[in-house]
Amino acid sequence: PAQQVPVLRPDDLVSDVVRRLTEEPGRAVVMGGPDGAELVGLLSSTDLSRALEAAPLRTGGRQPSRAGAVVGAVVAAAVVLVAAVLYHPPYVVVAPGRAIDVRGDITIAGVPQQRPTGPFLLASVELTRPNALVLLADAFRTDREVVPMAGVLPYGFGPEELEDLQRRLFRDSRETAAVAAARAAGYDASLRGDGAEVLGLVPGSPAAEVLETGDTVTGVDGSPVSTLDDLQAALARHPVGDTVSLQVERDGRTLARDVTNAGLPQVTGGTSIGALAATKDLEAVLPFTIRFRERPELGGPSAGLAYALAITDALDRGDDAWGRSVAATGTIAADGSVGPVGAVPEKALVASEAGADVLLVPAGELPPADHRQVRLHGVDDLAQALDVLARSR
């Protein structure tokens, strides 16, 4: 929309332009002409930075003295430096975070339990969007990873919307971990919800053509869908190119929508039709009560495996930790399946610096271990993770 496009004038100060383009990322239009209504150019932060770096010193036709040239070069360099400080490229730096013992986050009542004999650590990472200078410095560090912003801010989510989504995924992952752990300990447990709520859509995907953000998928091929796991399991039964019949709730109406299974492996946390979804009103059905400590500073589903291991050890009559410091990262499903999370090398560094004896990660994301001080194991599910702990005592 026109009102969202930054508008500049030819006589605007460069310093003001840099600030405008930092606050309103994107390409600005430059309006000029006799009445100020003529489009005379387009300008982005990248254009500005390149122009400043390439601009020759202007001397008015006179040969500058050596001292004058030095002063001019310093001034030019300072202008480029200011632009680099103010400009935030569309990249995110993934840096090691901290290790958190999740045992203290869990309170269980109604069944026999025990306190694990060793810590279960979730290894976190920090995401920042630095200015150009810091980004350049971080690109040369071995403990940092620079990734395009689109890789962590998909589907048109703004920063605040992304934070809300990440917190929701974190809360849901702990509920799911409780169900997976209860089953591993021999209890009947399940997840229930009111369908799979569509939170975002991949532009150009099959889902984007028939679904809207806020829709709730309640059925697939005539079978009910109460959780995201149900939706993903139903889609997994269809080969790529197959047509899937969805039952959708939208604004109090029930709609039938057909969508093609496109098989989008690049959509982390999404489905193969190109929709980012989560269980609506997720609730764990357990034979005991469990409460979790609030963690507003954490987000995302990657702590699921760590919580599942800690809860299982608390419920199980055996000793899974066996006095060791166990770190883990991975998503968890109600059936115990472990899914990918990303940033595993940075999390391995966190676990190593925290003194962990073992780090459990998704089997498909096992990083090189030659420079780590922690034993790494790739696992496909919770049962395999528990078996690794039992065999590695």
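The basis for the numbers below is simple: all heavy atoms, side chains too, and nothing from hydrogens, waters or symmetry mates.
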So do the side chains of [X] and [Y] get within less than 4.5 Å of each other, counting heavy atoms only?
{"X": "D320", "Y": "L309", "value": "no"}
{"X": "V244", "Y": "V220", "value": "yes"}
{"X": "F170", "Y": "F292", "value": "no"}
{"X": "T331", "Y": "V338", "value": "no"}
{"X": "D313", "Y": "D319", "value": "yes"}
{"X": "L121", "Y": "S325", "value": "yes"}

Query raised in the report: Does a donor on one side chain sit under 3.5 Å from an acceptor on the other, for S337 and D335?
Result: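 Distance-only check passes for S337 and D335.
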
Contacts under 3.5 angstrom, residues 90-98 side chains, donor-acceptor by atom type, not counting sequence neighbours:
| unit_1 | atom_1 | unit_2 | atom_2 | d |
| --- | --- | --- | --- | --- |
| R98 | NH2 | E297 | OE2 | 3.0 |

For the pair [X] and [Y], find out whether any cationic side-chain nitrogen is under 4.0 Å from an anionic carboxylate oxygen.
{"X": "R103", "Y": "D101", "result": "yes"}
{"X": "E197", "Y": "R168", "result": "yes"}
{"X": "E163", "Y": "R167", "result": "yes"}

What donor-acceptor contacts under 3.5 angstrom involve side-chain atoms of residues 180-190, with partners at least two apart or in another chain?
| unit_1 | atom_1 | unit_2 | atom_2 | d |
| --- | --- | --- | --- | --- |
| R183 | NE | A189 | O | 2.9 |
| R183 | NH1 | A334 | O | 3.1 |
| R183 | NH2 | A189 | O | 3.1 |

Requested in this report: Take atom CZ of R115 as the centre, draw a 6.0 Å sphere, and report whether it contains more than 12 heavy atoms from other residues, nucleotides or ligands.
Outcome: yes

Query raised in the report: Around atom CZ of R291, are there more than 12 heavy atoms of other residues, nucleotides or ligands at under 6.0 Å?
Result: no

Report task. Quick one: pull up CG in D251 and CG in D215 and give me the separation to the nearest 0.5 Å. Result ->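 If I round to the nearest 0.5 Å, the distance is 8.0 Å.
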
Query - Verdict with supporting geometry, D316 and T312, side chain to side chain donor-acceptor pair (under 3.5 Å) - result: CA-CA 6 Å; D316 193 3; T312 302; over 6 Å; no

